[in-house]
Number of protein chains: 2
Amino acid sequence: MRIEDVGREAGLSAQTVSRFLHFPDQVSTPNQERIRSAIAAVGYRPNLLAMALASNRSRVVAILVPTIANPVHAAPVQGLSDAVREAGYQVLVGTTGYDAAAEQALVGAFLGRRVDGMILTGAAQSHATRAMLKGAALPVVQLWEVPADRIDSAVGVRNAAIGEAVARHFAARGYRRLAVVRHAAAGDTRSAARELGFLESAAELGLPPPLRLSVDRPAEMAQAPELVAELLLHGVEAVFCVGDQLAIGVVLACQRRGVAIPAQLAVAGVGDSDLAALITPALTTVRIPRYELGLEAGRHLLARFADRHLGPVAMEIDFELLIRETS
Amino acid sequence: MRIEDVGREAGLSAQTVSRFLHFPDQVSTPNQERIRSAIAAVGYRPNLLAMALASNRSRVVAILVPTIANPVHAAPVQGLSDAVREAGYQVLVGTTGYDAAAEQALVGAFLGRRVDGMILTGAAQSHATRAMLKGAALPVVQLWEVPADRIDSAVGVRNAAIGEAVARHFAARGYRRLAVVRHAAAGDTRSAARELGFLESAAELGLPPPLRLSVDRPAEMAQAPELVAELLLHGVEAVFCVGDQLAIGVVLACQRRGVAIPAQLAVAGVGDSDLAALITPALTTVRIPRYELGLEAGRHLLARFADRHLGPVAMEIDFELLIRETS
DNA sequence: GTGAAAGCGCTAACAT
DNA sequence: ATGTTAGCGCTTTCAC
């Protein structure tokens, strides 16, 4: 059923029906009622594809995540979904599998679908991806980080400040021989920023330079035992793991080895995973408002859609240091 | 840039360019090359919206989940995404928040977008939702369960068989006084089917009728302590919790109370959550191939798109009983 | 407040 | 193998 059928049924032109759909009060009250019942009578459902083509607004926003199976990345998608639902926007989700080429292909496809806005995870997009996006001139939000060379907008946390907060906490507890464990991949700029903040803050606080270790994969628990051996060998008192999975692995490895936490080794993670609060001793960690990240990004996109003159933003959301039993 | 611009640049009609895009070998080899460079020269990107409108195929599949933040529901989305990527399909995700009205609204919106196929979570759709879907005559897959009154296709696990498997396992271990805890909501037919399978199997095995308890929310750990009190009061030897969160809550509550597991109380869950393997004692549970559920649903949709004559399927995927330390 | 005409960018069906 | 014509279902612009 097309808009014209509704018009015929109501004894009006297709145009008036279209107006009713978008600006009901531009149609006379009796005609509003006529159209309403005509729509019900013929069982009309607007073709959003045709609407989008004609109006050049698709009412779709896209979000790209490495994987949706990881709650860390699923939470912002939920936030985005909740943010745009009321406005009648739908969410297109693309999974890149941490692959830049896949990301690029998806961005191209989404632009082809004429999405009204796009959200990207992180800030490590390929040059070609950035170029495509800048050329398309649509609102784009980079999530998690707020880099200096933004594509357009960014909504993230101050990763360096996270490292700082943990260093200050360790110092306040009296730990002096610190260590930091990060994810070694070059693309993981979040991990790098957190480490840097930790190191700089330790230096400012007059502590000896922390031991720096790294692991191959972000969520690698298997490497924890050798990590613990290394930490003990160097007489480390407190370790900052740039990720909860890793921190939990370290806690479990310590227990197996009979290392007392936090007496012999204090541990802090980042992420506030569900597990962090459930293990014993409960993990000190940093809560990052993942859901809010997506929610704010979505709200910003809606604001941009509503007002074409609005510019990009660089928004930083507060994290929270959750001091528990491991430090 | 439109397809006509490419045609002009290549000295050919728009139609030939369109043909090249979809059936390259229907275009002569020299012209293929001409079009290829013309596309690059003008920086052409097909408008998938216009394509979809004209061809009546959007190359979009939609999936509806209660919440994407729960890995249980995110995993099938990842499977779907992986299944359809190669074929050039995109995934539209809708979150219903366990609300039938929200589900109905989303189904309507997705139909308006002329999605080529749709995946729904569970089988408790409202009558209006079912009617819309049947009227639209597009491939639909109900996920997780394979009900008798399917809308179209279904890909799921045999929930009753899960209950059966746990009952048999308990019986084999020599437990006689059993209990089952389920989610009380009327809409949760999965939970109900698992309980029923458990009860029927217990009867067949000649065991006394299991104690039946219920909780208000599926992932409610807070109710665990009173649940344990109730179980002990009735002298229950083994409890089947229809969900891992609940089972883990019970295990933790037992530990706090000094109840030995499995000596005093054996526990089994369903879901194979990450936590299940990590707690001590490790939880006996049922692994449901969540990712594969979405993957198979996606593959089925692609098959249906490729061959209009293909009919719906009712597919059941195998689960796996993971016997660990709590039983 | 309402209608007519033109067009969004593409493909289907028919030509040649 | 290629081109022409006529839409897909809607909105935009400009009339009245």
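Every chain is numbered from 1 and lettered A, B, ... according to where its sequence line falls, protein lines coming before strand lines. Computed over heavy atoms, backbone and side chain alike; hydrogens, waters and symmetry mates excluded.
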* Asked: Roughly how far, to the nearest 0.5 Å, is CG of A/Leu49 from OG of B/Ser55?
  ->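 Taking OG in B/Ser55 and CG in A/Leu49, the distance rounds to 8.5 Å.
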* Asked: Distance from A/His127 atom NE2 to A/Met132 atom CE, nearest 0.5 Å?
  -> 11.5 Å
[atom1] of [X] versus [atom2] of [N]: gap in Å, rounded?
{"X": "B/Ile3", "N": "C/dC10", "atom1": "CD1", "atom2": "P", "answer": "5 Å"}
{"X": "A/Asn56", "N": "D/dT12", "atom1": "CG", "atom2": "P", "answer": "9 Å"}
{"X": "A/Arg59", "N": "C/dC8", "atom1": "CZ", "atom2": "P", "answer": "21 Å"}
{"X": "B/Phe23", "N": "C/dC10", "atom1": "CZ", "atom2": "P", "answer": "16 Å"}
{"X": "B/Arg113", "N": "D/dC8", "atom1": "CZ", "atom2": "P", "answer": "21 Å"}
{"X": "B/Arg19", "N": "D/dT4", "atom1": "CZ", "atom2": "P", "answer": "11 Å"}
{"X": "B/Leu49", "N": "D/dG9", "atom1": "CG", "atom2": "P", "answer": "14 Å"}
{"X": "A/Met51", "N": "C/dG9", "atom1": "CE", "atom2": "C1'", "answer": "17 Å"}

* Distance-only donor-acceptor test (3.5 Å): side chain A/Gln15, base D/dT12 ->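 Indeed there is one.
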* **Base D/dG9 paired with A/Arg45 side chain (donor-acceptor, <3.5 Å)** => no
With a cut-off of less than 4.0 Å, is there a side-chain N or O of [X] near OP1 or OP2 of [N]?
{"X": "B/Ser55", "N": "D/dC8", "result": "no"}
{"X": "B/Ser28", "N": "D/dA1", "result": "no"}
{"X": "B/Thr16", "N": "D/dT2", "result": "no"}

* **B/Asp25 or A/Ala14, whichever maps to the more 5' nucleotide of DNA chain D** => B/Asp25
Using a cut-off of 4.0 Å on non-hydrogen atoms, how would the nucleic acid contact of [X] be classed: base, sugar-phosphate, or nothing?
{"X": "B/Leu53", "answer": "base"}
{"X": "B/Leu12", "answer": "sugar-phosphate"}
{"X": "B/Tyr44", "answer": "sugar-phosphate"}

* Asked: Side-chain contact, heavy-atom cut-off 4.5 Å: A/Ile119 with A/Val155?
  -> no
* Asked: Taking atom types as modelled and ignoring hydrogens, do the side chains of A/Ser153 and A/His300 form a donor-acceptor contact shorter than 3.5 angstrom?
  -> yes
* **Sidechain-backbone polar pair: B/Gln90 side chain, A/Phe110 backbone, donor-acceptor under 3.5 Å** =>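 The answer is no, because no donor-acceptor pair under 3.5 Å joins these two groups.
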